[in-house]
> 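Handing you this structure, nothing more for now.
Read the numbers this way: they start at 1 and go in the same order the structure lists the ligands and their atoms. In what follows, residues are counted from 1 in the order of the sequence shown.
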Amino acid sequence: MTDVKLKLPIYMDNHATTPVDPRVLDAMLPYFTQVFGNAASRSHSFGWTAEKAVEAARDQVGALIGASGKEIVWTSGATESDNLAIKGAAEFLKDRGNHIITAQTEHKAVLDTCKRLEKEGFEVTYLPVGKDGRVSAESVRAAMTDKTTVVSIMLANNEIGTVNPVNEIGAVVKEKGAVFHVDAVQGAGKMTVDFHGLGVDYLSLSAHKFGGPTGVGALIVRDGAPLLADRRGGGQERYRRAGTENVAGIAGFGVAAEAAMAGLNVTALRDRLEAELRRIAPDAVVYGGAAVRLGNTTCISMPGVKAETQVMALDLAGICVSAGAACSSGKVGASAVLAAMGVPVDEAATAIRVSLGWNTAADDIERLIAAWRDLYVRVAHSDISHAQAA
Ligand SMILES: *Cc1c(COP(=O)(O)O)cnc(C)c1O
């Protein structure tokens with residue numbers, strides 16, 4: 001029914017978004033047509049059916065990250081979740097203090113929320129990271145003051161895939177009596193996430209980063225964690241987020257979460273890709289390569305060749321990758337993440353991001369290797385003997 005066969009380019013930009021899993025689409029469709037009720041309508045079966053779908057998805061998403069259904073607040077995506085957690089906690093706790101801690105490598109949804117709060121009188125510390133791109137628990141501890149109320153540190157980085165020691169950071173935050181928000185968008189479905197085990201108060205998720213639709217996300221709020229609602233209106237989501245629930249999207253999110261329980265088994269493909277690219281260009285750098293990181297991500301430089309040139313050449317070869325975070329595009333080459341790691345600007349401008357997904361095939365990797373090799377030989381190092389010797 002929805003099986004449109006087109007010859008599409010190879011997509012390897014799964015940190016920007018992922019294709020919707022066919023099972024997800026099938027689960028969503030009835031909620032647009034046959035059972036289109038408002039989940040808050042209590043007077044007829046359309047409403048009850050919609051509510052049942054929303055509640056079933058709560059269990060499915062909760063199971064993925066070890067939270068209970070009632071801790072889930074549906075949102076329009078992780079941007080809203082990040083805004084709601086940080087603003088909602090900081091404003092609720094502002095009589096206790098006005099200091100927020102985050103990191104320079106966070107997603108824009110976190111950084112820009114913090115910048116906005118600075119305009120409103122909050123003070124924000126943007127922690128630097130180590131050469132491996134990770135935030136240390138010691139740096140969080142050193143930044144904490146009596147006025148610190150909120151700490152927001154992501155689980156896995158969207159540009160380089162490095163994983164922060166969130167459990168250690170959570171212990172420090174708890175010891176100091178602050179609350180802890182974790183943007184887990186890129187970790188969920190790719191690594192085990194245990195909401196309660198991590199000592200986290202708020203956790204952001206987005207459906208479209210693991211086979212779900214865009215426009216739906218969740219903020220997981222620990223039972224009893226402070227939160228000032230931002231949107232006002234109906235009493236949906238136990239007064240934590242007003243607005244009619246996106247029933248079809250939520251149903252799809254639930255099925256995507258269930259499918260994501262199986263994990264993403266692409267580490268061997270990613271490792272082969274990196275090994276081959278490093279063989280072609282021994283002076284290429286894999287950023288965060290020695291750190292704990294996601295198995296689907298490669299951020300690698302081609303010395304002397306601008307990222308845009310690589311992205312265009314790969315596009316001509318029918319392969320889609322990116323020159324960094326999609327959300328910061330338009331400013332290609334200005335990766336704040338690589339800058340925070342101490343990578344020189346000129347070198348950072350030669351780094352591309354390859355992010356594999358559930359539909360990446362071994363053959364796709366071979367095509368990428370071949371196209372990258374062609375470019376390297378042609379543009380960067382036209383001295384063929386050098387390339388062959390490598
Ligand atoms: C994509 C992404 C977001 C934003 O999610 P949306 O659902 O697209 O708003 C937030 N944080 C990280 C780490 C992301 O990769």
> With sequence neighbours excluded, tell me which residues meet ring pair (Phe, Tyr, Trp, His ring centres under 6.0 Å) with Trp74.
Phe253

> Under 4.0 Å from any heavy atom of Gly77, which atoms of ligand 1 are there?
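In order of numbering, the contacting atoms are 7 (O).
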
> With nothing but distance in play, are any N or O atoms of Ser206 less than 3.5 Å from an N or O of ligand 1?
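Yes.
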
> Look only at interatomic distance and state if Asp183 has a nitrogen or oxygen under 3.5 Å from any nitrogen or oxygen of ligand 1.
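Yes - when backbone and side-chain N and O of Asp183 are compared with those of ligand 1, one distance drops under 3.5 Å.
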
> Val124 pairs by side chain to side chain contact (heavy atoms under 4.5 Å, CB included) with which of Ile86, Thr102, Ile101, Asn98?
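Answer to the side chain to side chain contact (heavy atoms under 4.5 Å, CB included) test with Val124 among Ile86, Thr102, Ile101, Asn98: Thr102.
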
> Judged by modelled atom types alone, do His208 and Thr18 share a side-chain donor-acceptor pair under 3.5 Å?
no

> Applying a 4.0 Å heavy-atom criterion (strictly less than), which segment of Thr79 is in contact with ligand 1: side chain, backbone, both, or neither?
both

> Hey, does Lys209 come in under 3.5 Å of ligand 1, counting only N/O atoms on both sides?
yes

> Taking 4.0 Å as the limit for heavy-atom contacts, which would you say applies to His208 with ligand 1: side chain only, backbone only, both, or neither?
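The answer is the side chain of His208.
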
> Would you mind writing out the side-chain donor-acceptor pairs for residues 161-173 within the sub-3.5 Å range, not counting sequence neighbours?
residue: Asn164; atom: OD1; partner: Val135; partner atom: N; Å: 2.8
residue: Asn164; atom: ND2; partner: Met154; partner atom: O; Å: 2.9

> Begin with the C-alpha distance, continue with both residues' side-chain angles, and end with the deciding distance and a verdict on ring pair (Phe, Tyr, Trp, His ring centres under 6.0 Å) for Phe46 and Phe36.
CA-CA 7 Å; Phe46 288 90; Phe36 50 80; 4.9 Å; yes

> Could you tell me, atom by atom, which parts of ligand 1 come under 4.0 Å of a heavy atom of Met154?
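Per the distance check, 13 (C).
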
> Using a heavy-atom cut-off of under 4.0 Å, does the side chain or the backbone of Ala109 touch ligand 1, or both, or neither?
neither

